[in-house]
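Heads up, the thing below is written out as structure tokens.
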Amino acid sequence: MTNGTGAEVVVDLDAIAANTAVLRERVARPLMAVVKADGYGHGLVPAARAALAGGADQLGVAVLHEALALRAAGVTAPVLAWLHGPGADFTAALAADVEVSVNAAWGLAEVVAAARATGRTARLHLCVDTGLSREGATVAEWPQLVAAAARAQADGDVEVAGLWSHMAYADSPTHPTIGAQVRVFEEAVAVARAAGLTGARRHLANSAATVALPETWYDMVRPGIAVYGLDPLGGDAAASGLRPAMTVRAAVALAKRVPAGAGVSYGHTYSTAAGTTLALVPVGYADGVPRAGGNRAPVLAAGARRTIAGRVCMDQFVLDVGDDPVAPGDEVVLWGPGDRGEPTAQDWADAVDTIHYELVTRIGGRFTRRYVGSAGAV
Ligand SMILES: *Cc1c(COP(=O)(O)O)cnc(C)c1O
């Protein structure tokens, strides 16, 4: 079923499975597929099932709600949720067998309280800030957090299953912060082990580190974007054996001849150089097509690459296809794997000065999502 215009996001489940398998084979150790943010815009549950079909050992999400949605859909694989605010429902997390991360004494106290209330042992990951200055306990706070977690483990309230951190510059594989973060991480691990937390898996590598930095792989890797086939280093995904899983397409809603000098779309930031054919594309910024794509972003339409003519509106944008034949219903591809000559999400990212992560996670709105391939399908 379409939304009435034919605009759809097509997700290739077999690509997600194959990308997972390629990464898993490269690192030859457990892999946590990150499916936060609705599977990076590919659909939380189908993306999770496809990644598991491709050999993912676990799933990772940001917030508890995402983990509980996986469980509600019947996904039973281990899942870690790492971002919580005070009052998060750790009781629900424990009841659903969701692993949680903590980075501060208050978080640990809440998890311990939930464990006592439910009589279950919480599977816990401890996060240390090794230089990103984002999630993670500071190195100064770490020994106390570790000691408290070791006490909670001795009491049977928690089992510390993971020790982890996150990289700031993994997409610049020679950056000096990488060695510095690895050193801090290893010191933090040593502190935790000395406190008796010897059974925990160490994990540090996001996609870029999974692709480029073997010294960060430790006991498990934690890729997200690469699972969806986008090159975390901003290069050619195919060169890393990855295939983009998302194709974004729409259908021309109107085609018409206009004379030279016609101003196109709001503000007339584009005007026709000669008599030409304009094609109307019924998707806009409310659907996640960046407004910044006006006069900049590429699409494949009427047999060639075109740049969007004039501003992207809330619901639509316009193409100038010259004298090429175009008719209502003809396909317009915004981005895809690239093998039909269509732009890639990386091409769009370059055009609108962002990263492909932002494009795929924000596309949505009134696009219909359609799955192809069979990996993980139920
Ligand atoms: C999003 C995220 C990942 C995955 O990052 P990618 O760059 O998409 O591979 C891994 N770990 C944490 C903590 C994250 O927030």
Side-chain angles (χ1 to χ4, degrees), residues 16 19-20 22-24 26-27 29-42 44 47-48 51 54 56-67 78-85 98-103 107 124-137 161-173 175 177-178 181 185 188 201-214 216-235 237 240-242 244-246 345-346 349 354-362:
I16 292 175
N19 295 330
T20 306
V22 162
L23 296 165
R24 177 88 173 59
R26 184 167 311 155
V27 300
R29 68 200 72 201
L31 180 150
M32 175 189 291
V34 179
V35 295
K36 64 188 180 185
D38 203 15
Y40 286 50
H42 297 68
L44 171 71
D57 302 86
Q58 319 201 6
L59 301 167
V61 293
V63 304
L64 206 45
H65 179 82
E66 298 173 306
V79 50
L80 168 65
W82 54 70
L83 190 60
H84 318 285
V98 171
E99 301 179 13
V100 296
S101 176
V102 304
N103 53 17
L124 197 67
H125 295 240
L126 298 177
C127 182
V128 60
D129 181 359
T130 54
L132 179 61
S133 302
R134 207 182 68 177
E135 72 263 79
L163 302 169
W164 71 282
S165 188
H166 198 47
M167 308 285 295
Y169 254 111
D171 53 348
S172 303
H175 199 273
T177 57
I178 291 165
Q181 283 198 258
F185 185 61
R201 266 186 189 164
R202 303 159 296 169
H203 51 103
L204 180 58
N206 60 1
S207 291
T210 299
V211 170
L213 299 171
T216 65
W217 292 349
Y218 294 104
D219 304 317
M220 179 164 67
V221 294
R222 221 172 50 226
I225 199 77
V227 165
Y228 307 97
L230 297 173
D231 186 342
L233 306 178
S240 345
L242 302 173
M246 178 186 286
Q346 183 65 52
T354 184
I355 54 176
H356 46 42
Y357 291 77
E358 185 177 9
L359 296 169
V360 296
T361 55
R362 296 185 79 168

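Just so you know, ligand 1 is whichever comes first in the structure, and atom 1 is the first atom listed for that ligand. None of the values given here were measured: they were computed from a predicted structure. Residue numbers start at 1 and run along the sequence shown.
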Handout entry: With Arg26 via salt bridge (charged side-chain N to carboxylate O under 4.0 Å, His left out) - residues at least two apart
Key =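 Expected list: none.
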Handout entry: Side chain Glu66, main chain Ala37, donor-acceptor under 3.5 Å
Key =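 Yes, the answer is positive, given that a donor and an acceptor are paired below the 3.5 Å cut-off.
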Problem - By side chain to side chain contact (heavy atoms under 4.5 Å, CB included) - contacts of Ala212 (at least two apart) - result: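 With neighbours one apart ignored, the set is Pro173, Leu233.
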Problem - Shortest non-hydrogen contact from Ile16 toward Ala245 - result: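 Minimum heavy-atom separation between Ile16 and Ala245: CG1-CB, 3.6 Å.
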Handout entry: Contact check, side chains of Lys36 and Leu83, non-hydrogen atoms, under 4.5 Å
Key =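 When only atoms from C-beta onward are counted, Leu83 and Lys36 do not touch, as no gap falls below 4.5 Å.
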Only distances under 3.5 Å count here; give the side-chain donor-acceptor pairs of residues 203-211 to other protein atoms, sequence neighbours excluded, each with its distance to 0.1 Å.
from: His203; atom 1: ND1; to: Arg222; atom 2: NH1; distance (Å): 3.1
from: His203; atom 1: NE2; to: His125; atom 2: ND1; distance (Å): 2.9
from: Asn206; atom 1: OD1; to: Ala208; atom 2: N; distance (Å): 3.4
from: Asn206; atom 1: OD1; to: Ala209; atom 2: N; distance (Å): 3.1
from: Ser207; atom 1: OG; to: Gly224; atom 2: N; distance (Å): 3.0
from: Ser207; atom 1: OG; to: Ile225; atom 2: N; distance (Å): 3.3
from: Ser207; atom 1: OG; to: Ala226; atom 2: N; distance (Å): 3.0
from: Thr210; atom 1: OG1; to: Asn206; atom 2: O; distance (Å): 2.7

Handout entry: Amino acids contacting ligand 1, non-hydrogen cut-off under 4.0 Å
Key =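 Its neighbours under 4.0 Å (heavy atoms only) are Val34, Lys36, Tyr40, Trp82, Arg134, Glu135, Trp164, His166, Asn206, Ser207, Arg222, Pro223, Gly224, Ile225, Tyr357, given by chain and number.
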